[in-house]
Structures are given as C-alpha cells and as structure tokens.
Novice: 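Take a look at this one; I'll ask things after.
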2 protein chains.
Amino acid sequence: MANNDSHSGKRLTLKDVAAKADVSPITVSRVVNGYDGVRANVREKVEAAIAELGYIPNRSASVLASSKSKLIGVLIPSLSNVVFNDVLRGIYDIATPANYQVLLFNTHYSAAEEERAIRTLLGQSPEGLIITGGEQTTAAKAMLQASAVPVVQIMGEVDNPIDINVGFSHFDAGAAVAQLLLDKSYSKIGFIGARMDRRTCERLAGFEHVLSAANSLDKTRVITTPEPSSVSKGALLFRELMTITKGDCDAVFCCNDDLALGVLHESKKMQLKVPEKFGICGFNDIEMAAYAEPALSTVRVNRYNMGSKAMEVIFEKITSPGDKTTPIANYINTGFELVTRKSTR
Amino acid sequence: MANNDSHSGKRLTLKDVAAKADVSPITVSRVVNGYDGVRANVREKVEAAIAELGYIPNRSASVLASSKSKLIGVLIPSLSNVVFNDVLRGIYDIATPANYQVLLFNTHYSAAEEERAIRTLLGQSPEGLIITGGEQTTAAKAMLQASAVPVVQIMGEVDNPIDINVGFSHFDAGAAVAQLLLDKSYSKIGFIGARMDRRTCERLAGFEHVLSAANSLDKTRVITTPEPSSVSKGALLFRELMTITKGDCDAVFCCNDDLALGVLHESKKMQLKVPEKFGICGFNDIEMAAYAEPALSTVRVNRYNMGSKAMEVIFEKITSPGDKTTPIANYINTGFELVTRKSTR
DNA sequence: TGAACAATTGGTTGCGCAATCATTTTATGT
DNA sequence: ACATAAAATGATTGCGCAACCAATTGTTCA
C-alpha cells in the first residue's frame with residue numbers, strides 16, 4: 001500500500017524507486033513506461049518497489065523531457081447542450097483506452113474564448129485537437145496551423161478545413177426537412193430556431209433554399225432568437241410565430257428537439273391537431289422525441305460517431321505522421337437520417 | 001501575428017522572447033505571469049515581443065518548476081447522464097475565470113477505473129480534486145490522503161469524507177418522496193430504479209424506511225436493473241412491475257425523470273388514469289418533467305450548485321491552506337426540494 | 001545634491017524525467 | 001571454450017520554466 005508520506009513530505013521520484021530496487025533510474029522509467037527490454041526479474045523488483053513506495057510518475061516532467069503529452073484538447077461551445085454529451089462519449093471511449101487524456105474547454109460559442117483556449121492548450125503540447133465548427137479567429141487558425149498538431153473540426157461541414165473535418169452538411173439536412181414537409185403537403189412552413197450558431201444558420205439556409213425553389217418561402221414565418229434553446233423557449237417562439245402569422249402556418253421545422261417538444265406542448269394547449277392541421281419536425285433525435293405524444297419527426301445525427309471518428313482520425317495521424325501513401329481523407333461525412341414519426345402527416 | 005514556424009521548427013521559449021525584447025528570461029516570465037513589479041515600458045516591450053513571435057508558454061515546464069498546476073481533476077461516473085452536465089457547468093463556471101483547467105475523467109461507475117484515474121491525476125500535481133460519491137477503493141483513498149490535495153466528494157452524503165463533502169442526503173430525499181405519496185393517499189407504492197449506484201440505493205433505502213414504518217412496504221413492488229436508465233427502460237420496468245404485481249400498485253417512485261417519463265408514456269398506453277388511479281414521482285427535475293402530460297412530480301436538486309460550490313470550497317482551501325481559525329465545514333448540504341405537479345394527486 | 005531606501009531587473013540553479021549514447025551482461029553458434 | 005552478436009542496463013545531459021538571492025536602477029527626503 002501507499003505510504004509515501006513518511007519521508008519529509010518530498011515528492012517521490014524515479015530515483016527513490018531506483019534506490020529501493022537497486023537499479024538505475026532509467027530502468028525504472030522503462031518499467032513505468034512499459035518497455036519490453038527489461039528482464040522479468042528486474043521488472044518485478046522495480047514494480048515491487050513502486051508498489052511499496054506508492055510512486056506516481058510526474059507527468060509534467062515526462063512531457064517536458066519527451067515532448068509527448070498523451071493529451072487531446074477538446075473545445076466545445078456548450079456544456080448544457082445534450083448533443084455534446086454523445087460527442088464527448090465518443091471521444092472518451094476511444095481516447096481513454098489508448099491512455100490519452102482529454103482536456104475539455106467550454107468556449108460558450110465565443111471565438112475569443114475559443115482562441116484563448118487554443119492558446120492555453122497549445123502550451124501543453126497536445127497531440128491532437130478537436131474543435132467545433134470552422135469559425136475560429138484568424139489568430140487562432142494561424143496558431144493551429146503553425147503548431148502542426150492534428151486538428152479535427154467536428155459537427156458541421158467546414159469550408160476550408162484547417163486539417164480534417166468530421167461532420168455533415170447542415171444545409172443538406174435543413175433542405176431535406178423542407179423537402180419532407182413539402183412532400184407531406186404542408187405549404188405554409190415556418191422555422192423556429194434558438195442560439196443561431198453557424199450550423200443552425202446553415203440548417204435554416206438549406207431549408208429556405210428548398211422552400212424558395214418551391215415558391216413557398218415566407219420569411220415572416222422564420223422566428224429565431226440568439227438565446228439558448230430549451231423546451232420553454234420553443235413554446236414561447238411558437239406563440240410568437242402564431243401571433244405574427246396570425247395562424248397562417250401549417251408546419252414548422254425546429255432547429256432542435258427541445259424546441260420542437262415545446263412547440264408540441266404549446267400546440268396541444270392551442271388545440272391544434274398535430275399532424276393533421278399542423279406538422280412539426282425537430283432535429284437531433286433525442287430519446288424523448290420518440291416518446292412525445294405524438295412522437296416527434298426529426299433528424300437523426302451520428303453524434304457519438306462524430307466524436308469517436310474524430311479521435312480515430314487523430315490517432316491515424318499520430319501513428320503515421322508522414323505516411324503520404326495512404327493519405328487521410330480531409331472530410332469525413334457522418335451523415336444524417338430523416339426520422340418520420342407521428343408529428344408529420 | 002504569429003509566425004513562430006520560421007526558425008527551424010524549434011519551440012519558442014522564454015529565452016527567445018527575452019532576446020527579442022532585450023531583457024532577461026525571468027522578466028519575460030514575470031510579464032507572462034502578470035507580476036506587478038515590472039515597469040510599464042518594459043512590460044510593453046516584452047508583450048510586443050511575445051505577440052510578434054507568437055510565443056506560447058510551456059505549461060509542463062512551468063508546472064515542473066513551480067509545482068503549481070492550476071489544474072482541477074474531476075471524476076464523474078457517466079457522460080450520458082444529463083445530471084452531470086449541470087454539475088460540470090457549475091465547476092467550469094468557477095474554475096475557468098480563475099484560470100484553472102479542468103481535467104475530466106469518466107469512471108463508468110467503476111471503482112477500479114476511478115482508482116486508475118486518481119493515480120493518473122495525482123501525477124499531474126492537481127490543486128484540487130472533485131470526485132463523485134464515497135465508494136473509492138482503499139488504495140485510492142490512501143493515495144488521496146497522502147497527496148494532501150483538497151478533495152471534494154460530491155453528489156451524495158458520504159460517511160467518512162476524505163476531506164470535504166458537498167451534496168445532499170439521498171436517503172432523506174427518498175424518504176420525502178415516500179411520505180409525499182403516502183400523504184396523497186397512495187398506499188400500494190412501487191419503486192423503479194436503474195443503474196442502482198450507491199445514491200440510487202440510498203434513495204430506495206429512505207423510501208423503504210418510510211413505507212415500512214407506515215406498514216406499506218411490499219418489496220415485490222421494487223423493480224430495479226443494473227443497466228443504465230433511459231425512457232424506454234422506464235417503460236419496460238413499468239410493464240414488469242405491473243405484471244409482477246398483477247396491477248396491484250397505485251403509485252411509483254422512479255429513481256430519475258427519464259424512467260418516470262417512460263412510465264408515464266406506458267401508463268397512458270395502458271389507459272391508467274394519472275394521477276387519479278396511479279401516481280408517478282420522478283427525480284432530478286429535468287426540464288421535460290414540467291412539459292410532460294400530465295406534468296411530472298419530481299425532486300429538484302441543485303446540480304449546478306453542487307459543482308460550483310465544490311469548486312469554491314477548493315479555492316478556499318487553496319488560498320487559506322493552513323488557516324485554522326476559520327475552518328471550512330466538511331459537509332455542505334445542497335439540499336433538495338419536492339416539486340409536486342400533476343402526476344400525483 | 002546626495003544618502004538611504006525601495007522598486008525593479010538579472011544570474012544561477014534545480015524541478016523529474018527520457019533521449020542519447022556508452023557499457024555491461026547474456027545468448028548464439030562453431 | 002571462444003568469438004561475435006544481441007540484449008539489457010547505466011551515465012550524462014537538457015527539456016523550459018520559476019524560486020531564490022544578488023545586482024542594479026529609480027525614488028524620496030533632508
């Protein structure tokens with residue numbers, strides 16, 4: 001058991017273990033780092049000493065000496081948004097077994113905070129970075145470029161990827177929803193959006209593109225707020241939509257399921273028949289969507305995959321840094337899928 | 001702007017900046033770390049050099065030299081559980097402005113994984129640790145004790161806190177729910193639980209304690225699974241409950257709102273009148289609870305507070321390490337609150 | 001104007017580890 | 001048994017920074 005507090009409070013080092021095991025410090029280092037070239041009896045002796053002293057290697061010293069950090073930096077814009085839970089799970093599930101650590105930063109949808117986080121992160125010699133979207137500041141992009149660290153931009157399709165892009169086209173997804181609603185013979189289709197980050201705007205753009213082509217676009221039916229989304233915000237915005245359009249609206253695409261659930265709730269209070277008189281489509285396919293009454297049509301997205309894929313790509317880059325024979329694709333499309341349930345005809 | 005890639009790819013150091021600004025490295029260090037005792041003109045000169053070169057300090061070297069890491073380790077058992085989002089937000093909201101980093105580990109409800117994470121974490125000289133619950137292995141507890149790092153155990157009430165405990169009594173919360181249900185004249189009250197970690201078990205224990213005292217406890221009405229909880233699992237377990245009890249059950253306490261939402265959904269399919277014939281109470285008060293139909297009675301918990309309070313306590317400990325005059329309370333009760341809505345009489 | 005002091009700046013050193021190369025030990029084959 | 005190769009182990013050094021103390025510069029007041 002650990003009893004490293006006995007000697008004057010000084011931190012235990014390789015040297016202490018080496019003295020105990022009667023080998024050189026570097027041999028201890030080799031045991032700790034799992035090198036093969038250590039004879040079994042020596043390794044056992046060292047391991048015994050480590051266990052007895054309760055030695056814990058100093059990562060800072062290790063990183064400084066080897067410039068290998070086993071660290072992956074992850075920047076996400078929000079901790080409240082459930083969407084990132086799944087992404088994070090995907091990241092951790094790949095990173096942790098490979099003995100990599102994840103350093104997570106919340107950028108609060110701010111490019112300035114993001115730049116600060118990148119600067120901090122780059123001071124720790126990360127071996128890879130996973131960042132959300134492509135709206136980094138010029139300075140941030142320059143730092144990333146200069147650092148030569150593998151960078152994966154996730155969630156959306158990015159115009160000029162810094163390095164690699166894992167995500168899907170929100171424009172296409174928005175367009176697909178618009179087409180679905182048109183196909184189901186809705187014609188006065190509105191949009192409700194909150195937060196309005198880049199990806200949400202792209203969803204809206206794709207949506208408007210299709211409606212416009214079908215001559216069904218009326219921008220007064222587009223209700224958005226920069227504030228974060230929630231179920232209650234969905235209800236609120238829906239009331240606004242109905243007021244502004246005087247009820248002249250027969251379907252709505254909500255930029256996420258929370259909002260849609262709020263709309264659904266509110267439409268029941270208004271005694272609007274869903275889906276007959278009014279169609280609702282959400283986005284993300286959170287579990288509750290399937291359990292709403294009526295069950296919510298929505299767009300399913302591979303959130304977990306986005307995270308795990310991003311990590312895998314980083315590992316590929318790390319392991320074969322200069323391998324030009326099998327170049328890594330710089331865009332990996334994780335796709336999306338329309339899920340039609342009972343909230344649309 | 002940054003153009004640090006020009007010189008032979010070698011990492012920029014304090015020395016490079018010092019040369020450029022024509023001062024000593026240590027002065028640059030002082031500027032970087034925001035010490036007061038640097039004359040304005042010198043500071044500006046140095047800052048200009050930093051900006052021009054795009055210098056980013058090496059954190060490993062800094063930590064090694066100063067043994068100050070500005071690092072807080074956080075161990076949570078699950079990334080899927082939404083509960084931890086709010087806790088994390090609370091932690092980050094306090095830590096980030098203070099320039100502290102958060103290193104997050106997912107222990108997957110495993111004490112062994114937790115021990116591994118603690119070992120890894122302690123190798124990085126964290127200035128504080130936030131861990132979930134009190135079920136650490138003996139070795140883990142010993143390491144923590146020996147490390148002398150402030151440790152906050154969050155979420156539940158812990159028997160022998162390693163250091164500080166921030167949370168509330170799940171036993172009391174479970175008891176309060178049981179009492180509520182009894183007060184509403186339900187008498188055949190069941191329990192549905194998933195995952196069954198320590199805190200869930202305590203909720204159940206409190207619940208059983210009250211029912212037993214009221215002579216209303218029937219353990220066949222307690223349905224649990226070690227698997228993770230979800231809405232669909234709630235529906236599933238509810239069907240099981242109804243089968244096993246042959247419908248002889250008029251209320252249920254679900255160990256979280258997801259499960260309760262599933263029960264609610266299923267009870268509608270069974271045409272059970274809620275709350276007249278059947279009462280449902282959840283736990284956590286997630287946003288959807290208020291928007292369910294009927295709105296879900298549940299227990300509100302200060303998740304965000306648990307996180308922010310934990311961080312605050314750590315900062316107190318860091319800033320006044322030996323201050324024995326104003327000792328920090330070793331248990332901070334964040335409380336809970338019964339929220340009665342329409343799913344109970 | 002010049003002490004006397006305070007405020008600022010600099011030099012040296014070591015934090016704990018792994019890379020590199022040198023040395024010793026062991027295995028292999030004849 | 002011996003040479004040779006191969007494997008295991010060790011000694012030295014530097015990673016980039018901040019602590020510590022010394023040297024310098026600036027400031028204040030008589």
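It should be emphasised that the depicted structure is a prediction, and the values quoted were computed from it without experimental measurement.
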Novice: Rounded to whole Å, please give me the gap between NZ in K15(B) and P in dG11(C).
Specialist: 12 Å

Novice: Contact class for V63(B) vs. all strands (heavy atom < 4.0 Å): base, sugar-phosphate, or nothing?
Specialist: nothing

Novice: Using nucleotides 19-25 of chain C, report all nitrogen or oxygen pairs with the protein that are shorter than 3.5 Å.
Specialist:
residue: dA19(C); atom: OP1; partner: K68(A); partner atom: NZ; Å: 3.2

Novice: Okay, side chain of Y92(A), backbone of L104(B): is any donor-acceptor separation there less than 3.5 Å?
Specialist: yes

Novice: Within less than 4.0 Å of OP1 or OP2 of dC15(C), is there a side-chain N or O belonging to N58(A)?
Specialist: no

Novice: Rounded to the nearest angstrom, tell me the gap between atom NZ in K70(B) and atom P in dA18(D).
Specialist: 12 Å

Novice: With respect to the side chain of T13(A), which nucleotide from dA18(D), dC17(C), dT9(C) is positioned closest?
Specialist: dC17(C)

Novice: Please confirm whether the shortest side-chain N or O distance from T27(B) to OP1 or OP2 of dT9(C) is below 4.0 Å.
Specialist: no

Novice: Are a donor atom and an acceptor atom from the side chains of E115(B) and T137(B) found within less than 3.5 Å of each other?
Specialist: yes

Novice: Do the side chains of K317(A) and D163(A) get close enough for a salt bridge, i.e. N-O under 4.0 angstrom?
Specialist: yes

Novice: Regarding P57(B), tell me which of base, sugar-phosphate or nothing describes its non-hydrogen contacts under 4.0 Å with the strands shown.
Specialist: sugar-phosphate

Novice: Just checking L64(A): base, sugar-phosphate only, or nothing, at a heavy-atom cut-off of under 4.0 Å?
Specialist: base

Novice: Hey, does the side chain of S62(A) come within less than 4.0 Å of dA18(C)'s phosphate (OP1/OP2), counting only N and O?
Specialist: yes

Novice: Mind calculating the distance between NZ (K45(A)) and P (dG10(D)) to the nearest angstrom?
Specialist: 8 Å

Novice: Rounded to the nearest Å, what distance is computed from the CG atom of residue D36(B) to the P atom of nucleotide dA6(C)?
Specialist: 18 Å

Novice: Please report, rounded to the nearest Å, how far the P atom of dG16(C) is from the CZ atom of R59(B).
Specialist: 19 Å

Novice: Regarding K309(A) and E312(A), does a basic nitrogen lie under 4.0 Å from an acidic carboxylate oxygen?
Specialist: yes

Novice: Give the rounded distance in Å between these two atoms: CG of D22(A) and C1' of dA8(D).
Specialist: 16 Å

Novice: Rounded to the Å, how far apart are N33(A) CG and dC17(C) P?
Specialist: 10 Å

Novice: Given 3.5 Å as the limit, does a donor-acceptor pair link the side chain of E127(A) with the main chain of K70(A), or not?
Specialist: yes

Novice: To the nearest angstrom, how far is L122(B) atom CG from dG16(C) atom P?
Specialist: 15 Å

Novice: Using OP1 and OP2 only, check whether a side-chain N or O of S24(A) sits under 4.0 Å from dT9(D).
Specialist: no

Novice: How would you list, by chain and number, every residue that makes a side chain to side chain contact (heavy atoms under 4.5 Å, CB included) with Q124(A), sequence neighbours excluded?
Specialist: L71(A), L103(A), T120(A), R59(B), Q101(B)

Novice: Run the side chain to side chain contact (heavy atoms under 4.5 Å, CB included) check on L88(A) and I76(A) step by step: do they pass?
Specialist: CA-CA 9 Å; L88(A) 275 180; I76(A) 60 170; 4.3 Å; yes

